[in-house]
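The block underneath contains the structure these notes are about, expressed in structure tokens.
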Number of protein chains: 2
Amino acid sequence: MDTIGDILRTERENRNLLLRQASALLEIDQAILSKIERNERKATKEQLNGFAKVYELDIETLLILWLGEKIYKNIENEDFPLKALKVAEEKVKYNKTKK
Amino acid sequence: MDTIGDILRTERENRNLLLRQASALLEIDQAILSKIERNERKATKEQLNGFAKVYELDIETLLILWLGEKIYKNIENEDFPLKALKVAEEKVKYNKTKK
DNA sequence: TGTACATTTGACACATCTTGTCAAGACAAA
DNA sequence: TTTGTCTTGACAAGATGTGTCAAATGTACA
């Protein structure tokens, strides 16, 4: 299952960019970039926009994956993750109609 | 749509407990309890267990609702919440089989 | 092997978010 | 007003997130 880190690493390699070069383009410290690509750190939302721009990736796809992983990190060690997701989903739908 | 706060306030009132009394039983500061019941603060997991014990509520139900609200707070102001939830769900299922 | 270059790791400081504590404010009933 | 209940806001301590840097590790090849 592809993680954001996997994708970003692949995209960088497809462009034949070294970490050093990509980190300059992205204005992200090389150490942080390394960690993001190995899923040791989560990118900030701002950094995510940078990736989309520099690598010309679809920001929507990236955002969804990024948020999905954020959610997952919240629930991976909890007891009833799927039921909790269902609750969250219902709340989203409910509050959409309410507006 | 019932929030944890709503439920906890109702349960306390059903038992004719004042905030002061409930906060003593629960060993939670009264100000915090007030805020939890009005959904201004989220209970900690430990406090949640306290509620279940003192009010004799099903801890599983409480946990699911609590986690669901936590997830929801993460996504309510994001652009593609439902798709992100789907991603998280797939990750949960995928990592379940992996173990 | 040694050297140059790329990547990873870990320690640190700084900022932001979370949590608990407390006192004062708001509100209702008598 | 007085009394009792609930709410609000300010604060401190702790936890978590983020960026920076230098040292350590890994890799290719002369």
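Every chain is numbered from 1 and lettered A, B, ... according to where its sequence line falls, protein lines coming before strand lines.
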Under 4.0 Å, heavy atoms only, any strand: does B/Arg20 hit a base, just the sugar-phosphate, or nothing?
sugar-phosphate
Taking atom types as they are modelled, is there a donor-acceptor pair under 3.5 Å from the base of C/dG20 to the side chain of B/Lys35?
no
Rounded to whole Å, how long is the line connecting atom CD of A/Gln21 with atom P of C/dC5?
13 Å
Over how many whole Å does the gap from B/Asn39 atom CG to D/dC6 atom P extend?
17 Å
d(CG, B/Asp29; P, C/dT21) in whole Å
6 Å
Could you go through the salt bridge (Lys or Arg N to Asp or Glu O under 4.0 Å) check for A/Glu69 and A/Lys42 one step at a time?
CA-CA 9 Å; A/Glu69 291 187 358; A/Lys42 217 170 66 64; over 6 Å; no
B/Ile32 CD1 to D/dA10 P: how many Å, rounded?
17 Å
First encountered from the 5' end of DNA chain D, between A/Ala43 and B/Glu40:
B/Glu40
How long is the line joining CG of B/Leu19 and C1' of C/dT21, in whole Å?
16 Å
Distance, nearest 0.5 Å, that separates CZ of B/Phe51 from CD of B/Glu56:
15.0 Å
Under a 4.0 Å threshold between the charged nitrogen and the carboxylate oxygen, would A/Lys93 count as salt-bridged to A/Glu90?
no
Phosphate OP1/OP2 of C/dT7: any A/Arg12 side-chain N/O under 4.0 Å
yes
Can a salt bridge be assigned to the pair B/Glu76 and A/Lys91 using a cut-off of 4.0 Å between side-chain N and carboxylate O?
no
Send over the distance from B/Leu33 CG to C/dC22 P, rounded to a whole Å.
16 Å
Presence of B/Ser34 side-chain N/O under 4.0 Å of D/dT7 phosphate oxygens OP1/OP2
yes
Please work out if A/Gln47 contacts a base, only the sugar-phosphate, or nothing of the nucleic acid, heavy-atom cut-off 4.0 Å.
sugar-phosphate
In whole angstroms, the gap separating P of D/dT7 from CD of B/Gln30 amounts to 9 Å
Take A/Lys45 and B/Glu78 through the salt bridge (Lys or Arg N to Asp or Glu O under 4.0 Å) test and state the conclusion after the steps.
CA-CA 11 Å; A/Lys45 218 174 171 182; B/Glu78 299 288 345; 2.8 Å; yes
Verify the contact: side-chain N or O of B/Arg38 to OP1 or OP2 of D/dT7, cut-off strictly under 4.0 Å; return yes or no.
yes
Please give, in whole Å, the distance from D/dT5 P to B/Glu13 CD?
14 Å
From C/dG10, D/dT5, D/dG19, nucleotide with atom closest to A/Ala31 side chain
C/dG10
Proximity to the side chain of B/Arg9 - top-ranked nucleotide from D/dC6, D/dC21, D/dG9
D/dC6
